[in-house]
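Ligands are counted one by one from 1 in listed order, and the atoms in each one are counted from 1 as well.
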Amino acid sequence: MSSKGGRRMRDRVVFLTGAGTSVESGLPTFRGSDGLWEGQSLEDVASPSAWAKNPAGVLAFYDARRRAVLAAQPNAAHDAIAALENTCDVIVITQNIDDLHERAGSTNVLHIHGEVLKARSTVDPNLVYPLSKPTIEIGDLCEKGSQLRPHVVFFEEEVIALKEARKAMRSAHRVVVVGTSLQVYPAASLVYEAPSDADRYFVSPDKQGVPNGYMLLRGKATAEVPRLLQEWQ
Ligand code: APR
């Protein structure tokens with residue numbers, strides 16, 4: 001690849017985003033002061049046992065999150081990440097189940113915790129359907145006649161596309177981790193798959209929790225991500 005001013009053309013830039021990327025679009029984080037898990041217990045709404053015990057309660061929890069996603073708009077961080085595709089080879093690995101990266105224009109997004117705007121069969125996890133309505137009801141069935149559930153990874157379940165995400169991280173020239181507390185595995189372990197010679201950045205308003213080898217860009221995603229990426233346009 002030819003280089004221009006010491007920079008490879010079409011650098012591979014990999015993002016790992018978390019709830020902090022969407023919080024300025026009005027979607028709550030999980031562990032902040034007004035976080036989603038403050039009001040709920042994970043066991044009651046986002047676990048296989050919750051689904052077995054009270055599917056209607058789980059459906060209602062995700063219906064509410066889906067309505068919030070549908071009412072939200074991408075923010076400047078989503079927009080800057082999408083615009084970077086004009087000059088770089090971008091892969092977005094996201095823990096978020098919203099579609100704000102896609103709505104901003106990102107075309108290569110790996111949802112390792114699923115997508116709240118899709119439904120999944122409960123007998124065949126490969127049967128995934130885009131939702132034509134904002135809710136999933138008891139009695140909404142897949143083509144094999146089983147109850148549909150949100151296409152979201154519950155706690156204790158396998159994450160999605162982890163091999164692909166690891167491969168993407170290993171191929172990165174630059175890694176930007178945005179808006180995640182890195183408290184959930186295996187997603188959090190992805191930060192250490194980045195090559196040691198990659199430029200690595202961690203965007204967060206907090207100064208703690210910065211992974212080794214990452215440069216902290218302290219601030220909100222909508223301020224720090226556009227600022228960082230404008231140099232790469
Ligand atoms: N800009 C950037 N980061 C922010 C902002 C902001 N405006 N506001 C908050 N943050 C940071 C917080 O400091 C915190 O580190 O975003 C992070 C959000 O952390 P969590 O709420 O733990 O969300 P996340 O890391 O995405 O959670 C991972 O946990 O519950 C599961 O499946 C769920 O995907 C989720 C996973």
Looking only at heavy atoms, is any part of H113 under 4.0 Å from ligand 1, and if so is it the side chain, the backbone, or both, or is it neither? side chain
Is the ring pair Y201/W232 parallel, tilted or perpendicular, if the boundaries are 30 and 60 degrees? tilted
Flag, side chain of R103 to backbone of A72, donor-acceptor distance under 3.5 Å: yes
Student check: side-chain heavy atoms of M169 and L16 closer than 4.5 Å: yes
Have S22 and D98 got a donor and an acceptor in their side chains that come within less than 3.5 Å? yes
Applying the side chain to side chain donor-acceptor pair (under 3.5 Å) criterion to H111, which one of E102, Q95, H101 satisfies it? E102
Would you tell me which option among Q95, Q183, R31, H111 has the nearest heavy-atom contact to atom 31 (C) of ligand 1? R31
Does this structure show an ion pair linking R10 with D89, if we count only N-O contacts that are shorter than 4.0 Å? no
Using a cut-off of 6.0 Å, state whether more than 12 heavy atoms not belonging to K133 lie near its atom NZ. yes
Is any side-chain N of the basic residue among E164 and K167 closer than 4.0 Å to the acidic one's carboxylate O? no
Distance to 0.1 Å, residue and atom name: give those for the protein heavy atom nearest to atom 36 (C) of ligand 1. V184 CG2, 3.7 Å
Which of the atoms of ligand 1 are close to V23, meaning less than 4.0 Å from one of its heavy atoms? 5 (C), 6 (C), 7 (N), 8 (N)
To check your reading of the model: name the closest protein heavy atom to atom 30 (O) of ligand 1, its residue, and the distance in Å. W37 NE1, 2.7 Å
Between G179, P28, G209, flag the one that comes closest to atom 17 (C) of ligand 1 by a heavy atom. G179
Closest protein heavy atom to atom 4 (C) of ligand 1, given as residue, atom name and distance to 0.1 Å: P205 CD, 3.3 Å
Which residue and non-hydrogen atom of the protein lie closest to atom 6 (C) of ligand 1, and at what distance in Å? G20 O, 3.4 Å
Hey, does F61 have a side-chain heavy atom less than 4.5 Å from the side chain of D44? no
Below 4.0 angstrom from a heavy atom of F30, which ligand 1 atoms are there? Numbered from 1 as shown, please. 21 (O), 23 (O), 27 (O), 30 (O), 33 (C), 35 (C)
Report, in ascending order of atom number, the atoms of ligand 1 lying under 4.0 Å from any heavy atom of G18. 26 (O)
Heavy-atom proximity to atom 25 (O) of ligand 1, best of T180, T21, D206, V225: T180
E24 neighbourhood, listing ligand 1 atoms whose heavy-atom distance to it stays under 4.0 Å: 1 (N), 6 (C), 7 (N)
At less than 4.0 angstrom from any non-hydrogen atom of A221, what atoms of ligand 1 do you find? 1 (N), 2 (C), 6 (C)
Y185 contact mode with ligand 1 (heavy-atom cut-off under 4.0 Å): neither
Tell me which protein heavy atom sits closest to atom 26 (O) of ligand 1, plus the residue, atom name and distance to 0.1 Å. A19 N, 2.8 Å
What are the atoms of ligand 1, with element, lying closer than 4.0 Å to any heavy atom of T29? 21 (O)
Between R66 and D63, is there a side-chain heavy-atom distance shorter than 4.5 Å? yes
